[in-house]
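Notes follow the structure.
Basis for what follows: all heavy atoms, side chains included, without hydrogens, waters or symmetry-related copies.
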Amino acid sequence: MKIILFDPFCGASGDMTIGGLIDLGADARKIKEAMELAADVVVEISRATRKGISACSVEVSTKKRRQYDIYKYP
């Protein structure tokens with residue numbers, strides 16, 4: 001049995017948490033499908049490398065624009 005201790009004592013963002021779980025071996029396709037079924041969002045999963053360190057990058061964006069985002073003032 002494998003156990004992981006997750007103790008975000010200073011908080012943790014959702015995208016970073018999901019990216020870490022994918023790096024630990026979670027199925028990225030299943031996670032993407034579950035997130036997109038649970039909410040009206042688009043999930044993009046890719047690899048990012050910065051200063052020689054590689055990690056999973058997860059970006060979540062909404063599908064719909066809210067009415068006040070697209071309103072044009074006269």
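Side-chain heavy atoms closer than 4.5 Å link hydrophobic residues (I, L, V, M, F, W, Y) into clusters, and following such links, even through other members, never connects Met35 to Leu21.
The line from CD1 of Ile31 to CD1 of Ile18 is 5.5 Å long, rounded to the nearest 0.5 Å.
Contact between Val58 and Asp15 at its shortest, heavy atoms only, is O-CB, 3.3 Å. Here the closest heavy-atom approach between residue Glu36 and residue Val41 is recorded as CG-O, 3.4 Å.
Using a 4.5 Å heavy-atom threshold, the side chains of Arg47 and Ser57 count as separate.
Shown here are the side-chain contact (heavy atoms from CB on, under 4.5 Å) partners of Ala55, two or more places apart in sequence or in another chain: Asp23.
Counted within 6.0 Å of CD on Glu33, heavy atoms from surrounding residues, nucleotides or ligands total more than 12; the atom is thus considered enclosed.
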